[in-house]
Amino acid sequence: MTAKSNLSRRNFLKNSAITGVAGASALTIGFSNKVKADAIAHQFGGLKTLKPSPIMLPSVVNVPPLGALVYNKAAFGPRPGDIDAFNALGADDATRLASWVDTQLNPTSADTEVDARMSGFFNSGSAYDTINKTAAQLWTEHVRYTGANEYSTKSRPRHQMERLLILRGTYSQWQLRELLADFWFNHFNVKGNRDVIRSMLPEYDRQIRGHIFGNFYDMLLANSKTASMLFYLDNYRNSWPNPNENYAREVLELHTLGAIENYYGTVDPNTLGNNSKGQRTGYTEIDVFQFARALTGWSIADGTGGAADTGAFLFRNGQHYDDHAANPINVLDVSIGIDGGENDVTDVLSYLANHYGTARFIAWKLCTRLVGDNPPASLVSSTADEFYNRRNDANQLKEVYRHILLSPEFQTTWGTKVKRPLENIIASMRATDIDIDFRDNHSPSNNIFYRLDDTGQKPFDYDDPTGYPDEKALWSGTAPLVTSWRTITYFLNKSARTYDDPDTGILGGLRYFNLAQQSNTLIPSPLNRTPTQLVDTWMLHLRGYAYDANTRTQLITYVMNKSGATANQSIHDLTDTNNLSNSSTYQRVVYTLIGLIMMSPDAIRR
């Protein structure tokens with residue numbers, strides 16, 4: 001088998017000479033000509049893959065109880081009562097996990113608390129008035145809007161989706177769905193603040209969510225027809241005889257086969273062998289160019305060329321490649337010698353979705369997300385087999401998730417990943433049972449949201465088509481940790497603060513929560529409000545399990561120093577623990593303790 005090239009980079013077209021000459025000429029090369037793709041290799045030297053190879057970071061920590069593990073790896077973290085509810089699902093861990101997974105894999109249309117918190121904000125001019133708009137409405141009322149407040153009107157859907165992502169992550173009962181929605185959005189990433197995309201985000205999100213538990217080919221095809229993806233990767237202007245290969249490249253490199261195992265650079269495709277399923281192993285630059293040729297005319301109705309201006313998918317036959325007989329389209333094993341119009345694209349997408357290389361790439365990404373960095377090769381292989389064997393099933397992806405979540409590797413791997421900043425912040429809001437109708441133009445929401453810019457993980461804001469990286473090493477540096485902790489500290493410090501809400505008319509309501517009041521509910525007797533009891537109670541309440549003895553001792557010592565009490569002395573002897581105001585000594589003891597628990601190394605592990 002031919003050795004792989006070290007090349008894989010989508011933006012090599014920065015060089016206009018490549019775009020205008022090499023790109024166009026390569027697209028017209030017929031494989032029967034036996035032209036060596038190596039002839040253009042010098043134009044791509046030194047470029048790197050967008051997706052990094054797996055990083056080996058072995059776990060050296062103890063695995064927590066299964067309920068805590070599940071809610072930290074397959075959800076955004078536990079809320080109070082979640083782990084008790086998990087433990088009540090059966091007599092043993094295997095039964096509990098199977099029951100939890102089955103419920104999460106079959107969400108109903110209702111999402112009780114999220115729906116309730118959004119219910120008053122759907123009317124025109126309200127905080128979530130764009131979320132349920134159709135694609136046509138979003139296009140007409142936002143993409144094409146001109147007039148007063150033009151920028152804010154075009155960006156309104158994006159701003160609402162940013163807040164909705166946090167609202168869902170914090171309050172959704174369908175935690176696995178929210179985790180997977182985040183995974184698939186990053187898999188099919190688009191930059192949320194770009195023109196068109198900012199206005200169409202609600203529809204883009206709906207398309208992804210509609211296929212999360214379905215069939216991968218259906219998801220891939222639906223995504224390829226969205227205005228957001230077509231604009232983001234420029235395929236809306238991909239026309240013959242001047243093709244644009246940007247989208248073709250990303251479908252191969254990021255959406256299906258992946259570059260890690262399946263990219264062979266500029267070698268002659270005819271020299272590649274087959275995989276275990278009899279399919280050609282991997283793709284080359286020639287395949288990228290050939291696929292771009294197939295994608296010509298795959299566009300949207302944007303009012304140009306006599307088309308309607310609706311933003312709907314439109315195949316422009318007049319812009320499609322038209323020289324099939326002389327130079328067939330050849331993408332891996334797919335050869336198209338007769339103009340099939342849209343079928344030129346769907347034939348290739350179907351082939352790619354059903355390729356074993358795609359199965360392995362998606363399996364590796366899902367195992368990395370749900371299990372840990374550097375997932376066991378055996379699990380990746382068995383997951384790939386599950387993906388491939390169910391390629392024609394309507395519930396293909398659902399069963400792939402089940403396979404991973406019920407695996408021994410999922411249940412025993414811990415600490416090889418960390419929560420990324422947004423996950424860490426949402427986990428802290430869930431653990432402290434924050435009470436906030438997260439929405440746009442709402443001071444308590446904005447005071448949290450605007451701090452996300454500094455963390456490096458603002459929703460829908462990653463520039464590259466890779467989506468936000470998922471590897472532990474990339475999120476373990478000082479900057480993301482410190483900025484996350486600052487955000488968490490901000491809302492903890494607001495414990496017992498009030499807010500007058502002009503939208504709801506509620507005056508003097510809690511801005512977020514009263515943590516001292518929560519503490520007294522957990523420890524009713526003032527006599528029992530000792531440093532030791534506070535630490536043990538809040539560790540279990542927030543995390544679902546006790547930290548190691550050394551961490552526990554440090555936390556107890558901190559509360560002793562902060563309150564002046566000895567380890568088993570009631571803090572009430574020294575200060576009024578029934579004073580629940582923001583400025584009380586007890587309130588400060590409680591919220592600083594919670595901050596230390598939530599910002600400890602244990603709390604950010606996955």
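These values consider heavy atoms only, across backbone and side chains, with no hydrogens, waters or symmetry-generated copies. By convention here, the first residue in the shown sequence is residue 1.
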*For residues 147-158, pull every pair meeting side-chain hydrogen bond (donor to acceptor under 3.5 Å, both in side chains), keeping only residues two or more places apart or in separate chains.*
Asp129-Arg156, Arg158-Glu162
*asked:* When you compare the side chains of Tyr490 and Asn447, does any donor N or O come within less than 3.5 Å of an acceptor on the partner?
replied: yes
*Does a donor on one side chain and an acceptor on the other come within less than 3.5 Å for Asp111 and Ser172?*
yes
*asked:* Go through it in stages, so that I can follow the logic: the residues are Lys191 and Asp461, the test is salt bridge (charged side-chain N to carboxylate O under 4.0 Å, His left out), and I'd like the CA-CA distance, side-chain angles, deciding distance and then a yes or no.
replied: CA-CA 5 Å; Lys191 172 76 168 177; Asp461 201 47; 3.1 Å; yes
*With side chain to side chain contact (heavy atoms under 4.5 Å, CB included) as the test, would you mind laying out the steps for Thr432 and Leu492 before giving the verdict?*
CA-CA 9 Å; Thr432 54; Leu492 292 178; 4.0 Å; yes
_Can you tell me how the ring of Tyr351 sits relative to the ring of His355, calling it parallel under 30°, perpendicular over 60° and tilted otherwise?_
perpendicular
*Within the side chain of Asp234, is there an N or O that forms a donor-acceptor pair under 3.5 Å with the backbone of Asn244?*
no
*Are any non-hydrogen side-chain atoms of His159 and Arg198 less than 4.5 angstrom apart?*
no
*Any chance the rings of Trp298 and Tyr236 have centres within less than 6.0 Å?*
no
*Roughly how far, to the nearest 0.5 Å, is CE of Met229 from CD of Glu250?*
9.0 Å
*Report the relative orientation of the aromatic rings in His187 and His255; use parallel for angles under 30°, tilted for 30 to 60°, perpendicular for over 60°.*
tilted
_Both conditions, 6.0 Å and 45 degrees, for the charged tip of Arg391 above the ring of Tyr217: are they met here?_
no
*Indicate yes or no for a side-chain donor-acceptor contact from Asn330 to the backbone of Gln290 under 3.5 Å, with no hydrogens or angles considered.*
no
*Would a 4.5 Å heavy-atom cut-off, applied to side chains only, mark Ser224 and Val345 as touching?*
no
*asked:* So if I apply the side chain to side chain contact (heavy atoms under 4.5 Å, CB included) rule between Tyr283 and each of Leu332, Thr256, Val331, Leu352, which one comes out positive?
replied: Leu332
*Any cation-pi pair here, Arg293 with Tyr321, using under 6.0 Å and within 45°?*
yes
_Over 60° means perpendicular and under 30° means parallel, so tell me whether Phe231 and Trp139 are parallel, tilted or perpendicular._
tilted
*asked:* Between Leu179 and Gln175, is there a side-chain heavy-atom distance shorter than 4.5 Å?
replied: no
*In chain order, what residues pass the side chain to side chain donor-acceptor pair (under 3.5 Å) check against Thr130, with sequence neighbours excluded?*
Gln160
_Before you tell me yes or no, could you show the steps for Phe449 and Phe438 under side chain to side chain contact (heavy atoms under 4.5 Å, CB included), namely the whole-Å CA-CA distance, both residues' side-chain angles and the distance that decides it to 0.1 Å?_
CA-CA 9 Å; Phe449 180 81; Phe438 219 97; 4.2 Å; yes
*Just by distance, with hydrogens left out, do Arg237 and Thr296 show a side-chain donor and acceptor under 3.5 Å apart?*
no
_Between Asp437 and His442: side-chain donor-acceptor atoms closer than 3.5 Å_ = no
*Flag this pair as yes if the NZ/CZ of Arg177 is under 6.0 angstrom from the six-membered ring centre of Phe213 and inside a 45 degree cone about the axis; otherwise no.*
no
*Please list, chain by chain and in numerical order, all residues satisfying side chain to side chain donor-acceptor pair (under 3.5 Å) with Tyr204, sequence neighbours excluded.*
Asn223
*Is a donor on one side and an acceptor on the other found under 3.5 Å between the side chain of Tyr388 and the backbone of Thr358?*
no
*Rounded to the nearest 0.5 Å, what separation is found between the CG atom of Asn354 and the OG atom of Ser350?*
4.5 Å
*Hey, are Thr466 and Asp464 close enough side-chain-wise for a donor-acceptor pair under 3.5 Å?*
no
*Stepwise side chain to side chain contact (heavy atoms under 4.5 Å, CB included) test for Val251 and Leu349*: CA-CA 9 Å; Val251 170; Leu349 290 179; 4.1 Å; yes
_Check: Asp373 side chain, Lys472 main-chain N or O, donor-acceptor pair, under 3.5 Å_ = yes
*Kindly give the heavy-atom pair with the smallest separation between Leu452 and Pro459, and that separation in Å.*
CD1-CD, 3.9 Å
*asked:* Under a 3.5 Å cutoff, is there a donor and acceptor pairing between the side chains of Thr284 and Asp287?
replied: yes
*Looking at CD1 of Ile425 and CZ of Arg451, how far apart are the two atoms once the value is rounded to the nearest 0.5 Å?*
10.0 Å
_I need the Leu167 CG to Arg439 CZ distance, nearest 0.5 Å._
10.0 Å
_Under a 3.5 Å distance rule, please check whether Lys73 uses its side chain to pair with a backbone N or O of Val371 as donor and acceptor._
yes
*Show your reasoning for whether salt bridge (charged side-chain N to carboxylate O under 4.0 Å, His left out) applies to Glu423 and Arg369.*
CA-CA 13 Å; Glu423 296 157 13; Arg369 183 70 188 132; 2.7 Å; yes
*Report the distance from atom CG of Leu164 to atom CG of Asp440, rounding to the nearest 0.5 Å.*
11.5 Å
*Check: Phe185 ring centre within less than 6.0 Å of Phe460 ring centre*: yes
*Check step by step if salt bridge (charged side-chain N to carboxylate O under 4.0 Å, His left out) holds for Arg209 and Glu178.*
CA-CA 9 Å; Arg209 288 172 175 271; Glu178 295 311 308; 2.7 Å; yes
*Can any side-chain N or O of Asp344 pair as donor or acceptor with the backbone N or O of Gly340 at less than 3.5 Å?*
yes
*Output the distance between atom CE (Met118) and atom CZ (Arg163), rounded to the nearest 0.5 Å.*
13.5 Å
*Please state whether the rings of Phe188 and Phe216 are parallel, tilted or perpendicular, taking 30° and 60° as the class boundaries.*
parallel
*When you check the gap from the basic side-chain N to the acidic O, do Asp302 and Arg144 get nearer than 4.0 Å?*
no
